[in-house]
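Heavy atoms only: backbone and side chains are in, while hydrogens, waters and symmetry mates are out.
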Amino acid sequence: MAKSVSLASMDQKLAMAKRYSHEGVIAGAKAAVIAFIATAIPAYAYGKMSPWARTYLNPTAKALIVSTAAGMAYFVVADKTLLKIARQNSFKQT
């Protein structure tokens with residue numbers, strides 16, 4: 001037998017989903033900023049001090065290293081945050 005779903009219930013669930021996805025975005029952005037700083041400083045310092053890095057790592061390569069680390073941090077932390085929230089809400093009765 002199919003359950004009848006009210007419009008108010010659907011609006012409430014949509015609002016909760018938006019709030020939880022926003023929390024994931026904020027957590028991911030914070031992690032991306034931290035990862036950006038944590039990789040940018042060593043990448044650019046190593047590029048100045050190491051003869052090998054000075055020869056083979058141009059500014060584009062350094063930017064790719066930094067942006068890849070920041071992007072990975074964003075997606076991993078955002079996904080983990082959403083999974084944590086989903087796990088917490090999976091036991092709640094709606």
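- Closest non-hydrogen pair, Ala73 versus Ala35, comes out as CB-CB, 3.6 Å.
- The OG atom of Ser21 sits 10.0 Å away from atom CD1 of Ile26, with the distance rounded to the nearest 0.5 Å.
- Taking all atoms of both residues into account, the shortest heavy-atom contact from Met49 to Arg54 is O-NH2, 3.6 Å.
- Considering every non-hydrogen atom in both Pro42 and Ile37, the closest pair reads CD-O, 4.4 Å.
- Between Leu57 and Trp52 the shortest side-chain heavy-atom distance falls below 4.5 Å.
- For CZ of Phe36, the number of neighbouring non-hydrogen atoms (other residues, nucleotides, ligands) closer than 6.0 Å is 12 at most.
- Interatomic distance, CZ of Arg19 versus CD1 of Ile85, reported as 8.0 Å (0.5 Å rounding).
- Heavy atoms only, all atoms of each residue included: Ala40 and Val66 are closest at CA-CG2, 3.6 Å.
- To the nearest 0.5 Å, atoms OH (Tyr74) and CD1 (Ile34) are separated by 14.5 Å.
- When all heavy atoms are compared, the tightest approach of Ala27 to Thr81 is CB-OG1, 3.5 Å.
- A continuous path of Ile, Leu, Val, Met, Phe, Trp and Tyr side chains, each step under 4.5 Å between heavy atoms, connects Val33 with Ile41, placing both in one hydrophobic cluster.
- The shortest distance between side-chain heavy atoms of Ser50 and Tyr46 falls below 4.5 Å.
- A continuous path of Ile, Leu, Val, Met, Phe, Trp and Tyr side chains, each step under 4.5 Å between heavy atoms, connects Val25 with Phe75, placing both in one hydrophobic cluster.
- Across all their heavy atoms, Thr68 and Leu64 have their closest contact at OG1-O, 2.7 Å.
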